[in-house]
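There's a structure below that I have some questions on.
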Amino acid sequence: MNRFVPNCRTLRDRMLTEIGVKRVEDLFTPVPEKVRMRGLLNLPPAMSEMELVREYARLAKSNTSHELVCFRGAGSYDHFIPAAVDSILTRSEFFTAYTPYQAEVSQGTLQAIFEYQTMIARLCGTEAANAGMYDGASATAEAALMAMRVTGVNRVLVAGSLNPSYREVIETYLVPGGFQINEIPFGPDGLLDPGAVRTLIQGGAAAMVVQSPNYFGLVENIALASETARANNALLVVVADPISLGVIQAPGALGADIVVGDGQPLGIPMGFGGPYAGFLATSTAHLRKMPGRIIGRTEDRAGNTGYVMTLQTREQHIRREKATSNICTNQALMALANAVYLSLTGEAGFREIARQCHHKAHYLEAGLVKAGARRIFSAPFVREFALRLPGDAFEFEDRLLSAGFLPGLPVPGLGNDAMLFAVTEKRTREEMDAFIGAFSKACGEVR
Amino acid sequence: MNRFVPNCRTLRDRMLTEIGVKRVEDLFTPVPEKVRMRGLLNLPPAMSEMELVREYARLAKSNTSHELVCFRGAGSYDHFIPAAVDSILTRSEFFTAYTPYQAEVSQGTLQAIFEYQTMIARLCGTEAANAGMYDGASATAEAALMAMRVTGVNRVLVAGSLNPSYREVIETYLVPGGFQINEIPFGPDGLLDPGAVRTLIQGGAAAMVVQSPNYFGLVENIALASETARANNALLVVVADPISLGVIQAPGALGADIVVGDGQPLGIPMGFGGPYAGFLATSTAHLRKMPGRIIGRTEDRAGNTGYVMTLQTREQHIRREKATSNICTNQALMALANAVYLSLTGEAGFREIARQCHHKAHYLEAGLVKAGARRIFSAPFVREFALRLPGDAFEFEDRLLSAGFLPGLPVPGLGNDAMLFAVTEKRTREEMDAFIGAFSKACGEVR
Amino acid sequence: MEKTLFAISCPGRIGVSLPECDVPETEIPNDLARTGEIGLPQVTEGQVMRHFVRLSNRNYNIEKGIYPLGSCTMKYNPRLHEALARIPGLAALHPLSPDHTVQGTLELMHALGTCLCEITGFSGVTLQPAAGAQGEFTGLMLIRSAHLAAGEPGRDKVLMPDSAHGTNPATSTMAGMKVVPVKSNDHGMVDVEDVKAKVGPDTAALMLTNPNTLGLFDSNILEITEAVHRAGGLNYMDGANMNAMLGVARPGDMGFDVCHLNLHKTFSTPHGGGGPGSGPVCCNERLEPYLPNPVVVKNNDGYALSGMGNTSFGRLMAFHGNVGVLYRAYAYIMTLGAAGLREVTEGAVVNANYLKARLRGHYPVPFDNGPCMHEFVAGGPEMAGLGLKTLDVAKRLLDYGFHAPTVYFPLIVKEALMMEPTETETMESIDEFAEALIAIAREAREKPHLLTDAPVNTPVLRLDEVKAAKELVVVEPREES
Amino acid sequence: MEKTLFAISCPGRIGVSLPECDVPETEIPNDLARTGEIGLPQVTEGQVMRHFVRLSNRNYNIEKGIYPLGSCTMKYNPRLHEALARIPGLAALHPLSPDHTVQGTLELMHALGTCLCEITGFSGVTLQPAAGAQGEFTGLMLIRSAHLAAGEPGRDKVLMPDSAHGTNPATSTMAGMKVVPVKSNDHGMVDVEDVKAKVGPDTAALMLTNPNTLGLFDSNILEITEAVHRAGGLNYMDGANMNAMLGVARPGDMGFDVCHLNLHKTFSTPHGGGGPGSGPVCCNERLEPYLPNPVVVKNNDGYALSGMGNTSFGRLMAFHGNVGVLYRAYAYIMTLGAAGLREVTEGAVVNANYLKARLRGHYPVPFDNGPCMHEFVAGGPEMAGLGLKTLDVAKRLLDYGFHAPTVYFPLIVKEALMMEPTETETMESIDEFAEALIAIAREAREKPHLLTDAPVNTPVLRLDEVKAAKELVVVEPREES
Ligand SMILES: Cc1ncc(COP(=O)(O)O)c(C=O)c1O
Ligand SMILES: Cc1ncc(COP(=O)(O)O)c(C=O)c1O
């Protein structure tokens with residue numbers, strides 16, 4: 001008996017009597033003697049609640065990253081999260097519930113996710129969205145698989161300007177199925193090379209996977225990509241930073257067939273990488289080929305509006321080896337965080353946040369360039385940008401870390417001197433000026 | 001319109017039309033021109049949520065007390081609070097509700113407070129308890145007033161070993177009514193001087209107010225005090241540290257008529273002094289003279305058990321100038337914290353916590369004495385104790401603060417060299433040894 | 001029904017895990033030691049959570065819907081403030097910490113005090129009172145001290161309209177004063193002539209709620225306060241209704257000498273099912289010397305808690321008041337600023353007048369001689385003709401999923417229904433509430449049993465208060481074992 | 001019904017307050033700029049809170065009562081863990097922070113991995129998989145990599161009993177493998193002879209849940225795993241049911257080469273209404289080289305995230321998995337320790353067997369040939385005779401205030417009712433649940449319409465799934481304006 005296990009010896013004995021055995025050990029007789037453990041597991045000694053609090057405080061103190069002023073992005077962003085988000089997420093009713101298998105007593109989760117789907121679809125400019133994927137990377141990989149189901153073609157083209165981690169995940173997901181992946185190079189402006197696209201797509205492709213704003217923060221020409229894809233019977237999968245959709249056109253409106261991304265910027269803490277929630281939005285026509293859960297609106301026997309998981313015949317528990325994906329548990333609570341965040345910020349607040357990210361990123365970029373960095377690409381960016389530094393990026397990183405900043409990410413792919421910066425609405429002018437100052441100083445030190 | 005005020009100009013105009021006025025200003029016509037403000041209030045500029053978070057972080061950083069290892073008590077104690085307590089307190093249903101005026105939709109609060117009353121009464125060894133007072137000090141003052149209502153006598157005797165803040169509050173509450181207060185001196189052992197009690201009580205008294213463990217941490221002879229009080233038709237009011245009731249006999253069982261105290265040690269953060277919750281426990285016979293709310297069990301029309309506020313005819317909203325107190329809003333949520341804390345710790349956990357406080361306090365006392373402090377009183381203590389230091393207590397305080405400790409409280413009433421220490425279950429042997437070490441070092445420095 | 005924790009208790013269960021005691025044990029002397037069971041529940045953490053979560057679901061709350069209790073200002077409680085008040089650097093402070101270790105909190109308290117003075121038009125402030133009633137006591141004690149200091153101990157009468165909140169007379173008694181009721185005129189306001197007739201050399205104070213408990217701003221306020229001053233008395237304003245006046249009018253400008261504020265009403269700190277609140281008192285220079293100990297002062301070294309010297313009337317709480325509530329209220333003021341606070345009041349007043357307009361023709365509104373402020377009182381005399389009570393209307397509202405307004409207060413309106421929607425309600429939610437009340441008015445005529453049977457859609461049916469008072473079960477009886 | 005946020009949206013309302021932009025604005029190029037409304041709701045913070053709190057009240061949850069979903073291990077989720085995972089020093093870390101700035105988190109991940117290896121009896125671990133299904137994928141990819149490295153690309157068959165969870169076959173497909181079903185014997189366990197007959201040179205792996213989805217521990221486990229090994233295949237254990245085996249038996253000791261764990265089941269991390277979970281994979285030395293990138297290693301400088309080199313089969317997530325879930329699971333293990341974990345398993349197994357015993361005679365339990373482990377499957381064929389379905393029993397349970405068990409799984413039991421009470425339930429709560437089920441069995445005979453009409457005490461009545469799939473309204477339609 002402990003703080004989580006309620007039945008004391010007396011009760012347990014009564015229960016064993018009802019069961020018809022004498023000792024607890026009798027219940028383990030099906031476990032072959034040979035594998036039945038005799039002693040205890042070799043684990044660290046148990047801790048009381050108080051000791052555990054102290055231990056976690058110690059671990060938290062061994063971290064320092066959270067105290068740095070963050071200019072790093074590349075898939076995870078330091079946005080402000082209104083306190084109301086977590087107040088909802090910590091409601092027992094939401095966070096301790098299981099997947100809404102019994103719809104009549106799960107309307108809370110179901111309606112919330114229905115609203116999430118609506119907001120994501122509107123953000124992406126598509127007709128529909130699913131209930132969420134693990135993260136942006138796996139959503140991208142699943143979108144590629146989905147495109148192959150839709151088109152029956154076994155090859156995808158992936159932009160060279162896609163986040164390299166996403167690219168790795170796509171490979172992991174696609175390789176065992178024997179699918180082919182080809183990379184579309186980017187041009188000197190940092191954008192997809194349209195000529196290369198046209199050439200590569202000749203060989204037939206299920207999809208073109210394009211990130212916009214791309215890994216370097218640059219806005220791709222989605223309309224053009226979509227045209228090319230369409231002309232070649234390929235789908236266009238766009239990986240989008242949801243914040244950017246507050247300022248730039250929705251990929252769905254520009255012809256993207258599937259829009260995926262990570263919901264982290266929408267009310268989810270950076271949390272060393274997870275849990276986040278991938279989103280996947282598409283047109284109604286493709287719903288039946290889509291991976292993951294989807295919530296639909298319906299009625300109860302009295303005609304009251306209600307919500308259920310629908311199109312389950314695509315899913316693993318029904319379709320088994322023919323399922324559209326193996327995904328079962330997803331990241332529902334994080335999708336709820338997205339929904340709460342988007343309702344709080346709302347039309348005006350969300351757009352203002354996106355605008356501020358944009359303005360601040362441009363302010364920082366100009367400041368860093370003035371202080372000695374050089375632009376790498378000329379294409380317009382939203383809130384992330386790559387610069388060439390006057391020296392080794394890792395050396396700059398060290399110096400800026402010591403100055404209390406988490407600077408941009410060194411991007412060896414662009415050279416030893418390249419760094420990718422991200423800015424959120426949370427950064428103040430003061431912080432940026434201080435960062436530019438520290439960078440300036442570092443320029444004098446690194447050669 | 002702002003994040004809390006929902007009706008935009010358009011809606012407001014519709015509402016004004018329905019009201020029958022043109023402009024909002026028209027609704028303020030009853031306010032005489034002469035006092036109607038023309039400009040805005042002169043307040044600091046408004047802050048966004050993000051800025052406010054930053055501002056509070058700055059303020060929190062200007063505090064340092066929370067980082068000190070705490071050996072201070074004197075009415076507020078650094079106990080461990082299980083995380084489950086706050087999970088309950090942050091349920092909208094509890095913290096945003098009003099006083100349970102409509103009982104049928106307030107059963108949550110009502111039953112919880114009924115359970116609180118039960119736990120407090122059991123802890124105190126009395127038949128009943130009320131729904132809570134502002135804090136321990138005001139509960140003590142109100143108990144004195146109550147005793148005077150019960151006895152019709154206008155004089156109370158107050159132990160000199162009562163917490164001096166409590167004593168001040170009693171005076172504040174009693175003086176305007178013209179009531180007389182006399183102090184009972186304490187003997188060289190730190191306990192009530194029984195001879196003085198017998199003499200003083202001759203003059204007639206509504207009550208004797210005794211703290212046990214007293215301000216110096218010492219356990220009073222409640223049985224004896226009760227006998228004397230009873231023999232002289234006075235009530236005995238005992239002020240108790242609830243944690244102590246896990247190890248020492250309940251004052252109610254020893255003859256106390258009213259037991260009061262502060263629930264802070266039971267799951268409430270020190271919070272720079274509040275909100276806490278005073279408790280007030282007594283016998284059923286005195287209920288009608290009691291201040292504050294009380295919850296009673298009853299039935300609904302179908303015979304289901306339910307809870308209501310009862311004996312409201314004592315209270316200000318019914319009895320007005322003849323009410324037993326003016327208290328209206330109390331500290332309900334903090335009483336709920338007490339109830340959750342006592343249920344989590346439960347019979348065994350609560351007693352173990354009290355025992356650990358006792359053991360650790362004795363360990364520390366012995367260590368400090370060995371290191372150079374001297375005992376002031378010989379009577380047994382529970383978890384607080386006063387020592388005479390080899391030098392000025394404030395000088396010791398300064399040095400120990402610099403060493404990272406919040407040491408005991410200097411008690412000028414016992415001399416410049418006296419300090420009152422408190423220990424909770426949260427203190428580890430390691431922390432105590434370090435504190436003893438720092439004290440030892442300070443002994444060498446202070447002369 | 002939710003069983004009590006005692007009913008589900010089972011020996012040996014526990015809801016905490018504690019470290020082993022890491023010091024040698026010291027015996028507790030036998031004659032002092034507690035023996036036998038205390039009788040605390042024995043349950044696991046999971047059982048505790050389930051119990052209280054289930055109990056919580058038996059509560060109405062501001063996040064369920066409109067909570068139109070008049071005089072209570074049940075507005076939305078910002079979530080951020082809950083988080084801010086829990087920052088360890090603000091919450092884990094021992095109240096007797098040396099000043100230099102709590103500069104952040106003292107700075108905040110000082111800044112909050114300054115804001116409240118600006119809002120009320122006063123110069124002195126104490127943040128110590130735990131709630132409105134203790135604020136009233138503080139105010140009257142300040143007045144008492146001033147009269148004593150002026151050598152006028154005979155001033156022990158408090159003039160007070162019959163519409164006053166119950167705490168007003170109860171507080172007067174505690175402050176050693178006697179209540180002299182003043183009449184209301186037929187506009188629901190103080191009868192100025194009656195005040196003039198009753199003030200005199202024994203007048204300690206006039207105690208007035210403004211806007212009053214009918215939700216009406218007393219237009220004669222300057223004449224009234226002046227009359228009291230002329231007679232040597234002082235003016236106390238019960239500021240519980242300050243939500244009607246933020247940035248619109250200030251007690252200090254109306255001739256009041258002192259007022260209290262209910263932070264748990266006007267300044268959005270949560271009510272917690274009955275508390276904690278906080279009832280700071282603001283006053284003018286004349287009363288400042290008597291403020292309770294300690295107050296926060298700013299000096300060269302920063303901020304300090306300081307005694308008022310021997311002019312202070314004393315101390316109200318063991319420490320410095322409900323600091324956690326102060327943290328929240330300051331956050332509210334800082335979020336809204338001057339313009340936002342004015343929006344709050346405008347929103348509150350518009351909402352109340354709109355609700356009143358929506359109910360016109362369905363419920364009588366006595367004293368409806370112009371705009372109300374943040375609330376208004378409807379009456380139920382027509383119900384009476386149908387053999388129904390205001391209580392029945394209230395209980396029926398519960399069936400519609402709403403909380404009821406304040407009932408039977410103020411006493412000067414028969415069968416009163418006192419409604420305060422507050423500014424955080426949308427027009428739509430007020431409409432829904434109004435429509436329910438209108439439907440109930442119709443039910444009262446057509447199907448009165450729906451009212452007398454109510455509530456039926458609640459966790460329990462109508463509860464028997466008489467039985468509760470008669471049988472007086474206030475603790476769970478111990479099980480015979 | 002709770003209106004959607006879109007339905008209560010009203011132009012101009014907002015739920016956040018943002019600072020003024022403190023830098024000059026930079027224009028967004030016209031051809032890129034988004035124009036027109038996005039269509040996000042326009043509501044205040046109070047409306048958002050009220051909306052979601054009201055929605056929350058339409059959910060069943062572990063704090064309402066027993067949640068006996070078989071295969072889901074719905075146990076109490078400790079509140080402390082929620083607080084720990086939110087400590088800013090743990091939660092506010094950029095995932096691409098340099099190793100030396102995140103030593104605390106890396107240390108925890110390393111320690112958790114070590115614990116999981118001890119619990120499973122393996123030496124290698126990845127914490128990256130986001131859920132059980134991704135763990136399965138990881139496991140099969142490890143196996144695939146090992147076969148490829150051994151020059152056996154032809155091993156692409158996965159043997160799997162027909163009782164397997166749907167993710168098992170779905171995962172096999174994703175891993176480029178084909179499912180070969182193996183039969184269950186009439187004790188509900190794997191038919192050893194069938195395994196022996198089907199293993200061969202094309203066998204990549206046997207994939208087995210143990211205890212299986214009937215809640216039965218496969219007593220022939222050693223013979224089975226050995227047969228697979230002998231044929232050159234590898235053994236994968238689906239560890240979703242590990243709650244039955246903590247400190248009792250370890251997959252590594254049973255001949256398995258790799259297994260995944262569901263931290264959101266066995267290790268008490270909350271399910272969040274469907275996720276997030278976490279599905280770490282533990283494996284033996286043979287498979288370690290192929291683990292996904294990155295893994296946490298300990299070296300002289302402390303802890304580091306490190307690639308596995310080019311033997312790794314790749315990467316599963318953009319970053320390092322659901323770290324927030326790991327924080328909670330580690331807290332659970334540290335709270336319980338070895339003895340506590342064993343108590344968990346014993347409690348779970350006693351509770352399941354007790355529930356089974358209580359239902360004996362009321363519901364048929366196929367394969368009831370001895371003790372079950374942490375769960376068992378009852379069947380509803382008798383219901384069928386009454387024209388009723390397991391679904392009707394499930395829906396009727398909702399009326400009794402309970403969540404239903406898992407239904408229609410595993411597929412090998414007709415009309416299955418799969419029940420897993422978990423160790424955190426008290427005897428009393430299991431009794432109440434059993435009594436409800438028994439009452440429903442009686443109702444089925446006496447008043448079958450109570451079952452077919454059910455649920456009636458729920459926020460909505462039985463929902464029309466066919467209509468949902470046919471009309472396919474998956475987003476709120478835009479208002480015509
Ligand atoms: C007008 C008025 N005055 C005073 C009070 C008393 O305030 P509190 O309940 O905070 O003591 C109230 C509260 O209900 C009130 O409405
Ligand atoms: C036996 C079994 N295997 C695998 C899974 C899949 O786990 P997850 O939902 O975390 O992907 C489950 C979960 O339901 C399960 O019960």
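In what follows, every chain begins at residue 1, and chains take the letters A, B, ... in the order their sequences are listed.
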(request) Measure distances from D:Leu18 to the heavy atoms of chain A and classify the residue's part below 4.5 Å as side chain, backbone, both or neither. (result)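 Side chain of D:Leu18 only, per the 4.5 Å heavy-atom cut-off to chain A.
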(message) On a heavy-atom basis, which atom in A:Ala112 and which in D:Leu55 lie closest, and how many Å separate them?
(response) N-CD1, 3.9 Å
(request) Could you tell me whether a side-chain N or O of A:Asn2 sits under 3.5 Å from a main-chain N or O of D:Leu336, the two making a donor and an acceptor? (result)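 No; judged by distance alone, with no hydrogens or angles, the pair does not exist.
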(message) Please identify, among D:Met141, D:Glu471, D:Lys356, the residue contributing the most non-hydrogen atom pairs under 4.5 Å to chain A.
(response)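 Heavy-atom pair counts peak at D:Met141.
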(request) Would you please say whether a donor-acceptor pair under 3.5 Å links the side chains of A:Glu168 and D:Asn293? (result) no
(message) I need the residue from A:Ile318, A:Val53, A:Asn163, A:Val105 with the largest number of non-hydrogen atom pairs under 4.5 Å to chain D.
(response)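 Counting heavy-atom pairs under 4.5 Å, the top option is A:Val105.
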(message) For the residue pair A:Thr109 / D:Asn59, report whether a side-chain donor-acceptor contact shorter than 3.5 Å exists.
(response)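 Short answer, yes.
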(message) Can you tell me which portion of D:Glu63 sits under 4.5 Å from chain A's heavy atoms? Options are side chain, backbone, both or neither.
(response)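 Both the backbone and the side chain of D:Glu63 come within 4.5 Å of chain A.
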(request) Would you mind reporting whether A:Phe28 and D:Pro371 have side-chain heavy atoms less than 4.5 Å apart? (result) no
(message) I'd like to check A:Leu333 versus D:Pro276 (side-chain heavy atoms, cut-off strictly below 4.5 Å). Are they in contact?
(response) yes
(message) Is D:Arg86 close to chain A through its backbone or its side chain, or both, or neither, when contacts mean heavy atoms under 4.5 Å?
(response) side chain
(request) Select, from D:Met254, D:Glu45, D:Lys395, D:Met1, the one with the greatest count of heavy-atom pairs under 4.5 Å involving chain A. (result) D:Lys395
(message) Need one label for D:Phe313: side chain, backbone, both or neither, based on atoms under 4.5 Å from any heavy atom in chain A.
(response)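 The answer is both parts of D:Phe313.
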(message) When you compare the side chain of D:His94 with that of A:Asp78, does any pair of heavy atoms fall below 4.5 Å?
(response) no
(message) Between D:Asn351 and chain A, with a heavy-atom cut-off of 4.5 Å, which part of the residue counts as in contact: side chain, backbone, both or neither?
(response) both
(message) Using a 4.5 angstrom heavy-atom cutoff, name the option from A:Leu245, A:Ile327, A:Leu409 with the most pairs to chain D.
(response)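 Result: the option with the highest number of such pairs is A:Leu245.
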(request) Select one option (side chain, backbone, both, neither) describing which atoms of D:His165 are under 4.5 Å from chain A's heavy atoms. (result)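 Its backbone and side chain both get close to chain A.
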(request) Check whether D:Met74 gets within reach of chain A through its side chain, its backbone, both or neither, counting any heavy atom under 4.5 Å. (result) side chain
(request) Kindly give the heavy-atom pair with the smallest separation between A:Leu68 and D:Thr101, and that separation in Å. (result)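 Minimum heavy-atom contact is CD1-CG2, 4.3 Å.
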(request) Run the salt-bridge test on D:Arg58 and A:Glu93 with the 4.0 Å N-O cut-off and return the result as yes or no. (result)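 Here D:Arg58 does not pair with A:Glu93 in a salt bridge, since their nearest N and O are not under 4.0 Å apart.
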(message) Counting only non-hydrogen atoms closer than 4.5 Å, does D:Pro29 touch chain A with its backbone (N, CA, C, O), its side chain (CB onward), both, or neither?
(response)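 Side chain of D:Pro29 only, per the 4.5 Å heavy-atom cut-off to chain A.
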(message) Need one label for D:Leu96: side chain, backbone, both or neither, based on atoms under 4.5 Å from any heavy atom in chain A.
(response) both
(message) For a quick check under 3.5 Å, do D:Asn61 and A:Ser92 share a side-chain donor-acceptor pair by atom type?
(response) no
(message) Can you tell me which portion of A:Ser65 sits under 4.5 Å from chain D's heavy atoms? Options are side chain, backbone, both or neither.
(response)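 When you check distances to chain D, atoms from both the backbone and side chain of A:Ser65 fall under 4.5 Å.
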(request) Can you tell which part of D:Ile38 gets under 4.5 Å to a heavy atom of chain A, answering side chain, backbone, both or neither? (result)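 Both backbone and side chain of D:Ile38 come within 4.5 Å of chain A.
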(request) Sort A:Leu336 into side chain, backbone, both or neither according to what part of it lies under 4.5 angstrom from a heavy atom of chain D. (result) side chain
(message) Quick check: do A:Glu49 and D:Pro78 have side-chain heavy atoms less than 4.5 Å from each other?
(response)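 No. Closest side-chain heavy atoms not under 4.5 Å.
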(message) Less than 4.5 Å to any heavy atom of chain D: does that hold for the side chain of A:Pro45, its backbone, both, or neither?
(response) backbone
(message) Counting only non-hydrogen atoms closer than 4.5 Å, does D:Leu472 touch chain A with its backbone (N, CA, C, O), its side chain (CB onward), both, or neither?
(response)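 Answer is side chain: those atoms of D:Leu472 sit under 4.5 Å from chain A.
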(message) If I measure from the heavy atoms of chain A, does D:Val349 come under 4.5 Å with its side chain, its backbone, both, or neither?
(response)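 Answer is both: backbone and side chain atoms of D:Val349 are under 4.5 Å from chain A.
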(message) Do D:Arg250 and A:Leu41 make a side-chain contact, defined as non-hydrogen atoms from C-beta onward lying under 4.5 Å apart?
(response) yes
(message) Could you check whether any side-chain N or O of A:Gln111 sits under 3.5 Å from a backbone N or O of D:Glu2, counting only pairs where one atom can act as donor and the other as acceptor?
(response) yes
(request) Quick one: closest heavy-atom pair of A:Gln356 and D:Cys21, and the distance? (result) NE2-N, 3.5 Å
(request) Give, as side chain, backbone, both or neither, the part of A:Tyr166 having an atom under 4.5 angstrom from any heavy atom of chain D. (result)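 The side chain, not the backbone.
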(request) Might you point out which heavy atoms bring D:Phe409 and A:Arg320 nearest each other, and give the distance in Å? (result) CE1-NH1, 4.5 Å
(request) Answer with yes or no after comparing the ring centroid distance for A:Tyr173 and D:Phe137 against a 6.0 Å cut-off, counting only values under it. (result) yes
(request) Please flag which part of A:Val308 lies under 4.5 Å from any non-hydrogen atom of chain D: side chain, backbone, both or neither. (result) side chain
(request) With the side chain counted from C-beta on, respond yes when A:Gln107 and D:Leu463 share a heavy-atom pair under 4.5 Å apart, and no when they do not. (result)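 In short, these two side chains touch, coming nearer than 4.5 Å.
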(message) Looking only at heavy atoms and a cut-off of under 4.5 Å, which of A:Ala137, A:Ala277, A:Gly246, A:Ser343 has the most pairs with chain D?
(response) A:Ser343
